[in-house]
Protein chains: 2
Amino acid sequence: MRVRNLDVAREAGVSPTTVSLVLNDRTQVALAPETKRRVQEVAARMGYRPNLLARSLLSGRTQTLGVIIPSLSSSYVARIVEGMQEEAGDSNQQLLLTDTRHDPETEAAQMELLLRHSVDGVLIVTGESTLRSLPERLRVLREAGVPCVVIDDQSHAEQVDCVVSQDRIGAEMAVTHLIELGHRRIAHLSGGSGTSTARDRLSGYRRALKRASIPFQSEWVAGRSFSVAAAAQALEALVSLPKPPTAYFAANDRLWAEAIQALRPRSARLLRNAAVVGYANYDFSAYLGISSVDQSPQSLGKAALRRLLDRIETPSMPPQCLELPVNLVVRNSSKPVGSSAP
Amino acid sequence: MRVRNLDVAREAGVSPTTVSLVLNDRTQVALAPETKRRVQEVAARMGYRPNLLARSLLSGRTQTLGVIIPSLSSSYVARIVEGMQEEAGDSNQQLLLTDTRHDPETEAAQMELLLRHSVDGVLIVTGESTLRSLPERLRVLREAGVPCVVIDDQSHAEQVDCVVSQDRIGAEMAVTHLIELGHRRIAHLSGGSGTSTARDRLSGYRRALKRASIPFQSEWVAGRSFSVAAAAQALEALVSLPKPPTAYFAANDRLWAEAIQALRPRSARLLRNAAVVGYANYDFSAYLGISSVDQSPQSLGKAALRRLLDRIETPSMPPQCLELPVNLVVRNSSKPVGSSAP
DNA sequence: TTGTAAGCGTTATCAG
DNA sequence: CTGATAACGCTTACAA
């Protein structure tokens, strides 16, 4: 059915060995130019496609990497994967993509399958819901001897490579920007304390306030997780204060946008025109005119994949945590104090 | 290193055959319950993970499907992939995801790799830029005997399974909706004539007008491709007419949103408040309050994958084109005539 | 009821 | 410079 090495060999009147040598450009051994030419010609004519399964069985390498993500719904995650794709294409690696649907059990099952497929390595993008089970996943990978890089969480930086963005610095930039616009009453819509990224952003917020000698008030930190309902409620409360915030720093653009959707019309109108800087710079952030801290997720993905390939090449390197720079994208929502509704 | 069948067999004091029989639940042959129990226990204890490569080499099946997409940047595409994931998970299939970066050559190369990896089938989400080379891709797949399902294009419905959404009907719904709001001067921001979906949407637009006895005017159809620059220019022209449109039907929400970004401020302000119905219902469509035709891309992905599995099971079925229903999501931008700027 | 042996397509080794 | 042979890990006839 499918053309095999042996078929090409017979047709070209040589042995399978020779075919293999020619097609894999083994320059270590000298091949008669005429033989080489003939084999190549025959292989092309017959449409020979080497069976990578067989090769992998022998070599122990599949040129295949597993990617575990919470879900593709987030365009942030999608861009990370896009970055991986790009880098993978350049190294002839294929990506086996699996999403966990935010479910640790699904994640475990999917990883098991990836290992049975003998992936050469695994890239894990952590999500809030699968964070707790991450140590278990890492343990399994270590036992299987399969290298791994974690994206967006550095709580296991001692054991495993990770790639994150400079969240604390990004948050500090955002809040400092608002301060420079004259704001003093700046609230923070937080992503909670479950993820290290959310914690870092809160920490950056506090640092920026401190540097400007603005006292930190815990009541002005809203939101305990990336959940929309909680965020909306918290915003509602802030807006209704006698002296409401004049500006907001949101730990996540999507959280901000969706929370606004869930508000009462009056509050929603207020916040749509509020001074705000968000985080993650989704594509819609531009459409909404929201200033945002951009992490260039593609770069995260690319860096993670490159790191994984290095790790596969040199398993003995000490684990390393890469922190990629972020940059602030200024848009309409960067309003000076006093220019917008409260 | 990695535990093999043979290791388990030795440890359990049986032959590899027995291990295989037990772990694959071959009920055709009777196994001593005691043997069965012991083998299972030993396999679990040793952490045995069957090597799917070896199994595939023998069986000719890899439980692996190739997915070719233009790019993950589009959340529409991302959702299609998400749907596939969901369905794949339920059938123990893994997805090898590759993006073409809108480049036919990359697509060709990626598909070649997928075939070398012996995927059991391929799912192709067409993009404007890779549409021209689709016949060539299909030819290669046919020659390789690898089943395939095309999503979002039905120009090859006779040769190959395809899954699309009811674009003409969706467009008709959208425009009829605007007509019911009292509009008569309705423009269409088109995706051009390159893709069958864009053509269908234009055709639905015309049909809705016709049913309402509103004469069709080709000057009111703007945009010749999904390119932003072209769209912006066309919109600018329409807005500047002495009697501009009172409503717009956009072939794509993203195209609309990005075109508006590129307009001069005055025109942008006008269009941000215009009566408009878009298409594809991106997540940001909700944030912007744009009414939109929703194709439930997840369903597309799920249906496509299911179809592919059926096709793999029964290669002889005649090719079929599935048209999935769409539904109109009404939001703020559904303004009655006269209520909005021009 | 279980074991032996062959073979899937490839490449590494070594002999010629 | 090229060919024979074995081996990767698994499943499956067939034999015991």
Side-chain angles (χ1 to χ4, degrees), chain A residues 1-40 42-43 46-64 113 115-120 144-145, chain B residues 1-40 42-43 46-64 113 115-120 144-145:
Chain A
M1 175 109 206
R2 178 165 161 183
V3 180
R4 301 160 305 167
N5 182 326
L6 186 63
D7 301 320
V8 176
R10 278 211 263 263
E11 182 78 9
V14 296
S15 78
T17 307
T18 306
V19 172
S20 176
L21 291 178
V22 169
L23 297 183
N24 292 303
D25 250 344
R26 284 276 164 282
T27 44
Q28 342 169 356
V29 291
L31 287 159
E34 158 57 14
T35 311
K36 191 168 167 182
R37 201 201 49 74
R38 196 170 69 249
V39 169
Q40 284 172 331
V42 171
M46 301 182 74
Y48 171 60
R49 242 186 297 265
N51 187 332
L52 296 187
L53 293 178
R55 180 185 297 179
S56 297
L57 191 54
L58 201 56
S59 69
R61 285 283 198 84
T62 55
Q63 309 277 71
T64 276
L113 254 183
L115 293 178
R116 293 182 177 206
H117 275 287
S118 309
V119 292
D120 295 335
Chain B
M1 175 115 201
R2 179 165 159 184
V3 180
R4 300 161 303 165
N5 182 326
L6 186 64
D7 302 320
V8 176
R10 277 209 264 264
E11 181 79 9
V14 296
S15 78
T17 307
T18 307
V19 173
S20 175
L21 291 178
V22 169
L23 296 182
N24 293 304
D25 250 345
R26 284 275 164 283
T27 44
Q28 343 168 356
V29 291
L31 288 158
E34 158 58 13
T35 312
K36 191 169 166 180
R37 199 201 51 73
R38 196 170 69 250
V39 169
Q40 286 172 330
V42 171
M46 301 181 74
Y48 171 59
R49 245 188 295 265
N51 187 331
L52 296 187
L53 292 178
R55 180 184 296 178
S56 297
L57 192 55
L58 204 54
S59 70
R61 286 285 198 82
T62 55
Q63 310 277 70
T64 276
L113 254 184
L115 293 178
R116 293 182 176 206
H117 275 288
S118 309
V119 293
D120 294 336

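Excluded from the calculations below are hydrogen atoms, water molecules and symmetry mates; all remaining heavy atoms, backbone and side chain alike, are included. By convention in this document, chain letters (A, B, ...) are assigned in the order of the sequence lines, proteins followed by strands, and residues within each chain are numbered from 1. None of these values were measured; they are calculated from a predicted model.
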With each end axis built from five pairs of C1' atoms, what bend angle do you get for the helix from C:dT1-D:dA16 to C:dG16-D:dC1? Round to 10°.
50°
Distance in angstrom units between A:R10 CZ and C:dG9 P, rounded
11 Å
Would you mind reading off the distance between B:L57 atom CG and D:dC10 atom P, rounded to a whole angstrom?
12 Å
With salt bridge (Lys or Arg N to Asp or Glu O under 4.0 Å) as the rule and sequence neighbours excluded, what pairs involving residues 3-23 of chain A come up?
A:R4-A:D7, A:E11-A:R45
Among residues at least two apart in sequence or on other chains, which ones pass side-chain contact (heavy atoms from CB on, under 4.5 Å) with B:R116?
A:R49, A:P50, A:L52, B:E112
Protein proximity profile, nucleotides 11-16 of chain D - base contact B, sugar-phosphate-only contact S, no contact -, cut-off 4.0 Å on heavy atoms:
BBB---
side-chain contact (heavy atoms from CB on, under 4.5 Å) filter on A:S56, not counting sequence neighbours, yields A:T62, B:L53
Please report the distance, rounded to the nearest Å, between CZ in A:R61 and P in C:dA12.
13 Å
Salt bridge (charged side-chain N to carboxylate O under 4.0 Å, His left out) filter on B:R37, not counting sequence neighbours, yields B:E34
Are the side chains of A:L113 and B:Q63 in touch, meaning some heavy atoms are under 4.5 Å apart?
no
Do you see a donor-acceptor pair shorter than 3.5 Å between the side chains of A:S20 and A:T17?
no
According to a strict under-4.0 Å criterion, is A:T35 in side-chain N/O contact with OP1 or OP2 of D:dT2?
yes
Taking 4.0 Å as the cut-off, does a side-chain nitrogen or oxygen of A:T18 come that near to OP1 or OP2 on D:dG3?
yes
What is the distance, rounded to the nearest whole Å, between atom CG of B:L53 and atom P of D:dC8?
14 Å
Roughly how many Å is it from CZ in A:R4 to C1' in C:dC8, rounded to a whole number?
10 Å
